[in-house]
2 protein chains.
Amino acid sequence: MSTETIGEKLRQLREQNNLPLRKVAALIDIDVAILSKMERGERKLTKEIVLRLADTYKYNVDELLVLFLSERIMYEIQDEALGEKALKVAERRVKYLKENKGK
Amino acid sequence: MSTETIGEKLRQLREQNNLPLRKVAALIDIDVAILSKMERGERKLTKEIVLRLADTYKYNVDELLVLFLSERIMYEIQDEALGEKALKVAERRVKYLKENKGK
DNA sequence: ATTGCCGTTGACTATTTTTGTCAAATTTAT
DNA sequence: ATAAATTTGACAAAAATAGTCAACGGCAAT
């Protein structure tokens, strides 16, 4: 199962491409320090950065985005006893909205 | 199905208790304007406020918290095509973490 | 029409969180 | 050892959030 964080995944991709932080940071136009922190989960990623990295590594964007979003979701319910219930409710509500989209 | 927002739910509860914003705001120690905005979804609620309101209205805390959390979750994936997938992945990951809690 | 009560709105400030920049320190590889 | 790569922390800038306040509008009763 995909138990890795998106940061770990991104570092893995970078290493597979044999690219140093320095180069990737230059390519996607952010500071090396920030990229380093993002890979290690010390800084939050943004959707924009994820997109640029997917492009840089030529990797499946959707897979990365799902990982990215799921992590943001998990962040919202961290340490919450009712987290799982909230997730289920959110799912039902999203589905409901979709069915009745546009009213 | 619970299709209402937590703001709507809270307003409903307040009205059922025949309490004016003014009084509830005083009870939970926030400004009337803020409470008004929270009930209408113009301002985000905080967990703390939800707890105080549940207490004020003597209403099921967990139900309100789940509603509150699910809304925060939905906020994270709003307009995201991959939202539902991300929710499912988040669920699986949360379960995984739970099973291996404490490592 | 005035008073009183309730809720809404917007402008403003303060506070907190997030983001960006940089250089020094540490680690890793050659 | 030295050079490249990465990590770390301090600091400033910017953005998001939260709080305060007063004016405004609706409505009912008189």
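Predicted, not measured: the structure shown is a model, and the values here were computed from it. Chain letters run A, B, ... following the sequence lines, proteins first, then strands; residues in each count from 1.
Only A:R11, A:R14, A:P20, A:L21, A:R22, A:A33, A:S36, A:K37, A:R40, listed by number, bring a heavy atom of residues 9-40 of chain A to less than 4.0 angstrom from any atom of DNA chain D.
Atom-to-atom, CZ of B:R43 to P of D:dC21 comes out at 14 Å; the value is rounded to the nearest Å. The distance between atom CG of A:L45 and atom P of C:dT18, rounded to the nearest whole Å, is 14 Å. The separation between B:R72 atom CZ and D:dT17 atom C1' is 13 Å, rounded to whole Å. We find that CD of A:E48 is positioned 15 Å from C1' of C:dT19, with the value rounded to whole Å. Distance A:E76 CD to C:dT17 P: 14 Å, rounded to the nearest Å. Taking atom NZ of residue B:K44 and atom P of nucleotide D:dA16, one finds them 10 Å apart after rounding to whole Å.
Residues B:R11 and B:S36 approach most closely at NH2-O, 4.1 Å, considering heavy atoms.
The distance from the CG atom of B:D31 to the NZ atom of B:K37 is 8.0 Å, given to the nearest 0.5 Å.
Shown here is A:K9, whose NZ atom has more than 12 heavy atoms of other residues, nucleotides or ligands within 6.0 Å.
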- request: Take B:R72 and B:E76 through the salt bridge (Lys or Arg N to Asp or Glu O under 4.0 Å) test and state the conclusion after the steps.
  value: CA-CA 7 Å; B:R72 291 220 310 207; B:E76 288 302 310; over 6 Å; no

task: Apply the test salt bridge (Lys or Arg N to Asp or Glu O under 4.0 Å) to residues B:E48 and B:R52: give CA-CA distance (whole Å), side-chain angles for both, the deciding distance (0.1 Å), then the verdict.
output: CA-CA 6 Å; B:E48 186 51 35; B:R52 290 191 221 158; 3.2 Å; yes

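No donor-acceptor pair under 3.5 Å is formed between the side chain of B:D55 and the backbone N or O of B:L51.
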